[in-house]
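Some notes on the structure that comes next.
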Amino acid sequence: MIITGVLKGGDRINESALAMRLGVSRGPVREACRHLERSKLVEFRANRGMFVREISVDEATHLYDIRANLFGLAGRLAAARTTTADADALRAKIDQLEAAASMDDYYPLNVELHRALVALSGNPRLAELYDAISKELHLFRRHGLEPAPARHTSNDQHRLIVDHLQAGNAEQAAHLMEQHILVGKNRMLAEHR
């Protein structure tokens with residue numbers, strides 16, 4: 001619900017209402033909230049409850065810089081491991097992204113594509129760190145891709161990245177993957193000026 005924008009930064013999480021909505025007891029909702037708190041997506045406020053975390057533009061900027069470098073490293077490592085079958089699977093995901101009718105369809109597929117690109121690095125710890133940073137940025141990233149032209153530009157970048165991964169061009173893939181994230185950072189900064 002946070003990733004899809006149903007719950008936004010600053011929203012209070014009502015455990016009882018959420019449990020009823022999901023058709024579960026409060027226990028699993030409470031445990032999920034604890035997990036989300038460890039992931040820095042929600043925060044507990046004494047005597048007030050659990051809230052979707054808000055992050056400042058400055059904090060988001062720092063997280064984007066870290067994410068860009070992790071994504072670039074993943075590209076450098078993945079270029080030595082990407083097979084034709086891997087590249088074909090990534091291109092199929094990009095085609096799905098291109099066909100997405102709405103942001104609600106596009107955004108989860110985009111997250112999935114980025115995870116697949118990082119997984120090709122063969123480094124589980126890198127994937128874990130990338131995923132943790134990405135989760136913190138969900139509130140900012142979703143809005144940066146709202147306009148359809150931004151999504152098409154992003155998909156063009158995805159295709160070029162896959163071409164270089166398949167060709168084994170480690171440095172170019174790393175550069176393109178890092179720049180891909182920094183373009184998102186710049187969109188976020190422009191939106192919040």
Side-chain angles (χ1 to χ4, degrees), residues 1-11 13-14 17-18 20-24 29 32 35-36 39 41-42 52-55 57 60 63-64 67-68 70-72 74-75 78 82-121 127 130-166 173 176-193:
M1 293 171 77
I2 293 170
I3 291 170
T4 61
V6 172
L7 291 173
K8 296 174 178 39
D11 285 353
I13 298 172
N14 182 321
L18 192 54
M20 280 183 30
R21 180 179 179 174
L22 298 173
V24 297
V29 172
H35 177 73
L36 291 171
S39 298
L41 289 177
V42 301
V52 177
R53 187 167 163 250
E54 296 178 279
I55 59 175
V57 173
L63 292 170
Y64 265 104
R67 185 169 172 254
L70 292 172
F71 205 48
T82 303
T83 66
T84 300
D86 293 330
D88 289 345
L90 292 169
R91 287 187 185 100
K93 288 181 188 298
I94 296 168
D95 290 343
Q96 286 181 305
L97 283 169
E98 200 63 51
S102 70
M103 192 59 188
D104 289 337
D105 297 329
Y106 183 90
Y107 190 74
L109 292 170
N110 189 56
V111 170
E112 184 182 313
L113 174 68
H114 280 230
R115 280 186 177 147
L117 286 164
V118 173
L120 282 174
S121 71
Y130 178 85
D131 199 41
I133 296 293
S134 294
K135 283 179 182 175
E136 287 189 67
L137 283 169
H138 281 312
L139 294 172
F140 280 87
R141 287 178 37 227
R142 179 180 167 80
H143 300 296
L145 291 168
E146 289 287 353
R151 294 195 303 260
H152 293 300
T153 299
S154 183
N155 287 334
D156 290 343
Q157 293 168 356
H158 292 147
R159 285 186 182 90
L160 192 55
I161 288 166
V162 173
D163 290 345
H164 284 282
L165 288 174
Q166 184 176 14
L176 289 170
M177 288 174 74
E178 184 174 340
Q179 290 305 305
H180 180 68
I181 302 303
L182 294 176
V183 166
K185 171 187 160 184
N186 290 334
R187 278 194 307 261
M188 180 273 298
L189 289 172
E191 184 179 312
H192 288 88
R193 280 193 183 123

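Predicted model, so just to flag it, every value in this text is computed and none were measured.
Put simply, the side chain of Val57 reaches to within 4.5 Å of the side chain of Met188, judged on heavy atoms. In this structure the side chain of Gln96 never reaches within 4.5 angstrom of the side chain of Asp105, judged on heavy atoms. Counting only heavy atoms from C-beta outward, the side chains of Leu41 and Val52 never approach each other to under 4.5 Å.
In this structure, the separation between CE on Met1 and CD1 on Ile13 is 8.5 Å, given to the nearest 0.5 Å. The structure places CD1 of Ile181 at 3.5 Å from CZ of Arg67, a figure rounded to the nearest 0.5 Å. With rounding to the nearest 0.5 angstrom, the CD atom of Glu191 is 12.5 Å from the CG atom of Asn186. Rounding to the nearest 0.5 Å gives a distance of 11.0 Å between CG of Asp104 and CG of Leu109. Residue Ile161 holds its CD1 atom at 6.0 Å from CG of Leu176, rounded to the nearest 0.5 Å.
When each of Thr83, Thr84, Asp86 is checked for a side-chain contact (heavy atoms from CB on, under 4.5 Å) with Gln166, only Thr84 meets the rule.
Nearest heavy atom pair, residue Leu90 against residue Ala116, reads CD2-CB, 3.9 Å. Residue Met177 comes nearest to Gly75 through the heavy atom pair SD-CA, 3.1 Å, listed as atom of the first residue, atom of the second, then distance. Ile55 and Leu137 make their closest contact through CD1-CD2, 4.4 Å (heavy atoms, listed as atom of the first residue, atom of the second, distance). Heavy atoms only, all atoms of each residue included: Asn110 and Ser154 are closest at OD1-OG, 4.4 Å. The two residues Thr82 and Ala78 make their nearest non-hydrogen contact at OG1-O, 2.7 Å. Listed here is the closest heavy atom pair of Ala68 and Leu182: CB-CD2, 3.7 Å.
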CA sep, side-chain torsions, deciding dist, call: Glu54, Lys8, salt bridge (charged side-chain N to carboxylate O under 4.0 Å, His left out): CA-CA 8 Å; Glu54 296 178 279; Lys8 296 174 178 39; over 6 Å; no
Verdict with reasoning, Tyr107 to Ser102, per side-chain contact (heavy atoms from CB on, under 4.5 Å): CA-CA 9 Å; Tyr107 190 74; Ser102 70; over 6 Å; no
side-chain contact (heavy atoms from CB on, under 4.5 Å) between Arg53 and Glu136, intermediate numbers included: CA-CA 9 Å; Arg53 187 167 163 250; Glu136 287 189 67; 3.1 Å; yes
From CA spacing to verdict: side-chain contact (heavy atoms from CB on, under 4.5 Å), Leu117, Leu165: CA-CA 9 Å; Leu117 286 164; Leu165 288 174; 3.6 Å; yes
Salt bridge (charged side-chain N to carboxylate O under 4.0 Å, His left out) assessment of Asp88 paired with Arg91: CA-CA 5 Å; Asp88 289 345; Arg91 287 187 185 100; 3.8 Å; yes
Derivation of the side-chain contact (heavy atoms from CB on, under 4.5 Å) call for Gln157 and Gln179: CA-CA 9 Å; Gln157 293 168 356; Gln179 290 305 305; over 6 Å; no
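Arg115 pairs by the salt bridge (Lys or Arg N to Asp or Glu O under 4.0 Å) definition with Asp131, not counting sequence neighbours. Residues satisfying the ring pair (Phe, Tyr, Trp, His ring centres under 6.0 Å) test with His164, not counting sequence neighbours, are none.
With respect to the salt-bridge test (charged N to carboxylate O, under 4.0 angstrom), the residues Arg159 and Glu98 qualify.
Ring geometry, Phe71 versus Tyr130: the interplanar angle falls under 30°, so the pair is classed parallel (tilted spans 30 to 60°).
In summary, the side chains of His158 and Asn155 do present a donor paired with an acceptor at a separation below 3.5 Å, with no hydrogens or angles considered.
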